[in-house]
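Since the structure comes first, as C-alpha cells, the remarks are kept for the end.
Hydrogens, waters and symmetry mates are skipped; everything else that's a heavy atom, side chains included, is used. Naming: A, B, ... by sequence-line order, numbering from 1 per chain.
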Amino acid sequence: MPNSINRPRGTIDVLPGEVEKWRYVEESFRRICREYGYAEIRTPVFEYTELFDRGVGDTTDIVEKEMYTFLDRSERSLSLRPEGTAPIARAYVEDKLFSGPLPVKVYYLGPMFRYDRPQAGRYRQFHQLGVEVFGSCAPAIDAEVAAMAMDFCRRFGLKLDLHINSVGCSACRPVMRERLYAGLKTRLEDLCNDCYMRWTKNPLRILDCKIKRCREMAEEAVAGFNFLCPECADHFRETLGYLDALNVAYIVDPCLVRGLDYYTRTAFEIMAPGAGAQRSVGGGGRYDGLVEMFGGPPTPGIGYAMGLERFLLVMQEQGLTVPDSGRLDVYLVTAEKDLEGKALGLLQELRANGIRADKDYTGRSMKAQLKQAGKSGAPYVVILGGDELGKGRVALKDMLSGRQTEVPLADLTARLLSQGHDSKHEPSLLAR
RNA sequence: GUGGAUGUAGCUCAGAUGGUUAGAGCACCAGAUUGUGGCUCUGGGGGUCGUGGGUUCAAAUCCCAUCUUCCACCCCA
C-alpha cells in the first residue's frame, strides 16, 4: 500500500471480531471488582513527568528509557502514563480520598504507554486492568488482592501460577541491598555486563540473573539470606497463611524482585506456565511509602495490574473462547425492490422491541440476500414478499432447520421475542 | 537500548541460479430458468511483489537505506 498512513509502531487496531473479546474481559473485570468492593477510578492518560520520576523511580527502566515524554505548549514536561499506580496515588492525595472511610478500594482499566521494542504481547500502547487498596497494611488484604487476581483468571479457566515474595520494607531492604553492593564490590569484573549495571541500580536483581555465576556470587555475598526484619517476616508469613486458607496455590520465589522502586514487602507476579516469551500476565505488590512520598498522610497501599493483551494471548494459547454476543437476531430479506420502504419500517419496529435486526443495503438479489443472512449468523430470516404481504403476512424462516412459516405481520414481534430472542442466544454478559 | 530474522492479492503461502501480460488455496462478488442461504459447478474483481534509492539491456528475485512485524536480551503488562 504505497502512500498509505500506518498506525505507529507498537500499536494495534482492535477490529470487530476481536473487540468482543476485549469487552468480555473488561466487563468481567468490572464485575469481579464490584463483587470485591472496588469502585472505579479514572485518571488522565498523561501526567506531569515528575510524577513518574518520583513515584516509579528515576533509575527504573520505565522512567529511564521507556517513557513517552513531551513538552506541551507552555513548555511543561508531560508524560503518557506508563503505569497506573502512581497516578492513582497522586489522585488519592490530591482529591483527599483519605478523608473518607479506609481502606479505599479502587479499580481502573485503560491504556498505558511504554516506549519499548515491540514484540508479541508487548506493545507501546497496551492496556491494564488493575486495583489499588489504600489504608490497610493487614496481611489479609495482601492475600485477598493476590487471591482476587487469581480468582479472576480462574473464572476464565486460565491456568496460571502465582509467584510471590517479600522484598522487605524501608528498614530491612536497604540492608540487603548494601550487603550485595558491598559484597560484590571487589569482584565487579566477574559480573556480566548486565549485572554490572544492576550492581549500581538494583543489586537485588543480580540474584535473578540468567548467568549462573552472577547468581552464585550474589548468593555468596548475602550468605545469611534471611534479611527480612521480624515485622516483615511476620507479615509475609501471615500473608502466605491466608493464601493457604483461601486455597490459593502459590510459588514462593526468592528471586522475584519487581522493578519499580515503590514496592515494599509483598510482591507477586502471575505467570503463564511454560516457556513463552511474555510469560508475565500481571503483577503487583505493596507500596507502603508511595502516598507519603506524594505529600499525603502515611498510608499503606497495595495493588496489582494485569495486561489485557497478555491475558488475551494466554487465553488463546490455552484454547479459551468467549461467548459470542455480536450476532443478529433477525435478517430481513425483501423479495421485491419496491418493498424497501416497508422493510425499513419493519426493521425499526423490530429494533424498537430490542430485537437485533438488519438487512441488505446494496441492492442484492433475493438469493444473495439470503446468503448474507446466512453469513450474518442470524438464527431467523424474515422475508417480505408481495404474495404474503397481500394477506397481511410475512415469511419467517428458521435458518438452522431451514423450515419456513407464514406469520401475520401483527404477530411477528411477539413471535420473535418468544422463540428466537431468548433461547438462541447466550445471555449477554455485557448487558449486566 | 543490544543482537538476529521477516515483509508477494483481504488471509495462508508458491514464485531454483535476475528474463515475456506475478500464481494457488481460502475469502469476496456474480451466475447455474419463474421469489429462498449453508453443498457443488462456472465465471469475475483484486497485487506498482513493505517503501525509497541503486546495479543491470532486464529485478518480486542482487546491493544500500528505511519502515513493519517477529525472535532473543534488557525489562516488564
Side-chain angles (χ1 to χ4, degrees), chain A residues 1-12 15 56 59-66 81-85 109-130 149 192-198 201-202 205 208-211 256-260 269-272 275-284 304-314 331 333-337 339 360 362-389 395-404:
Chain A
M1 294 286 232
N3 278 328
S4 64
I5 296 178
N6 305 104
R7 56 182 192 271
R9 181 172 201 201
T11 62
I12 55 169
L15 304 177
V56 177
T59 60
T60 59
D61 274 30
I62 291 180
V63 170
E64 259 186 356
K65 57 179 200 189
E66 293 173 3
R81 36 128 100 136
E83 57 101 49
T85 301
L109 70 188
M112 304 291 163
F113 305 84
R114 258 125 92 164
Y115 192 91
D116 245 7
R117 193 116 155 201
Q119 240 175 85
R122 161 181 283 176
Y123 303 99
R124 291 183 169 182
Q125 173 174 337
F126 60 103
H127 297 77
Q128 287 190 333
L129 316 167
C192 70
N193 275 350
D194 288 333
C195 283
Y196 182 74
M197 296 302 291
R198 290 177 179 128
K201 282 169 55 177
N202 192 348
R205 286 209 164 274
D208 198 20
C209 185
K210 296 243 150 60
I211 295 161
L256 176 57
V257 180
R258 298 188 53 81
L260 284 59
E269 196 157 349
I270 296 170
M271 315 265 267
Q278 261 65 50
R279 293 180 56 208
S280 175
V281 175
Y304 69 79
M306 281 190 298
L308 186 38
E309 288 86 346
R310 291 197 184 167
F311 194 88
L312 261 5
L313 199 65
V314 175
Y331 198 95
V333 168
T334 54
E336 289 110 44
K337 286 263 190 306
L339 264 24
D360 174 63
T362 62
R364 278 189 243 255
S365 68
M366 183 175 173
K367 189 188 180 81
Q369 288 179 61
L370 256 319
K371 212 178 232 177
Q372 292 303 312
K375 279 176 204 157
S376 78
Y380 289 97
V381 164
V382 169
I383 301 168
L384 230 50
D387 298 351
E388 297 89 337
L389 228 42
L396 178 60
K397 179 164 186 166
D398 181 324
M399 292 298 272
L400 258 140
S401 65
R403 273 198 298 271
Q404 187 171 321

To the nearest angstrom, how far is [X] atom [atom1] from [N] atom [atom2]?
X: D61(A); N: U2(B); atom1: CG; atom2: C1'; answer: 13 Å
X: R117(A); N: C73(B); atom1: CZ; atom2: C1'; answer: 10 Å
X: L15(A); N: A27(B); atom1: CG; atom2: C1'; answer: 16 Å
X: E66(A); N: C73(B); atom1: CD; atom2: C1'; answer: 13 Å
X: M399(A); N: C39(B); atom1: CE; atom2: P; answer: 12 Å
X: E83(A); N: C75(B); atom1: CD; atom2: C1'; answer: 14 Å
X: Q372(A); N: C28(B); atom1: CD; atom2: P; answer: 8 Å
X: R124(A); N: U69(B); atom1: CZ; atom2: C1'; answer: 12 Å

Discussion item. Please check: side-chain N/O of Y331(A) versus main-chain N/O of Q369(A), any donor-acceptor pairing under 3.5 Å?
Written reply: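 Side chain of Y331(A) to backbone of Q369(A), a donor-acceptor pair under 3.5 Å: no, none is there.
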Practice prompt. Check whether any side-chain N or O of R310(A) sits under 3.5 Å from a backbone N or O of S280(A) as a donor-acceptor pair, and report yes or no.
Written response: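 It does hold such a pair.
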For [X], answer base if it contacts any base atom (sugar-phosphate contacts may also be present), sugar-phosphate if it contacts only those atoms, and nothing otherwise; contact means non-hydrogen atoms under 4.0 Å.
X: R403(A); answer: nothing
X: V381(A); answer: nothing
X: K65(A); answer: base
X: G84(A); answer: nothing
X: K397(A); answer: base
X: Q404(A); answer: base
X: E388(A); answer: base
X: F311(A); answer: nothing
X: R7(A); answer: nothing

Worksheet item: Now, which nucleotide makes the Watson-Crick or G-U wobble pair with C39(B), with each of the two distances under 3.5 Å?
Response: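 When the pairing criteria are applied, nothing turns out to pair with C39(B), so the answer is none.
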Worksheet item: Of R114(A) and D387(A), whose closest RNA chain B nucleotide lies nearer the 5' terminus?
Response: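 Here D387(A) is the residue nearer the 5' end.
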Worksheet item: Closest nucleotide of RNA chain B for G283(A) versus for T362(A): which of these residues is on the 5' side?
Response: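 So the residue in question is T362(A).
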Worksheet entry | Donor/acceptor link under 3.5 angstrom from R279(A) side chain onto base of C76(B) |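 By the distance-only test, no, there is no pair.
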Worksheet item: Are any of Q119(A)'s side-chain N or O atoms less than 4.0 Å away from OP1 or OP2 of A72(B)?
Response: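 The answer is yes; a side-chain N or O of Q119(A) sits under 4.0 Å from OP1 or OP2.
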Fill in: Euclidean distance for P, C63(B) against G25(B) (whole angstrom)
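32 Å, rounded to whole Å.
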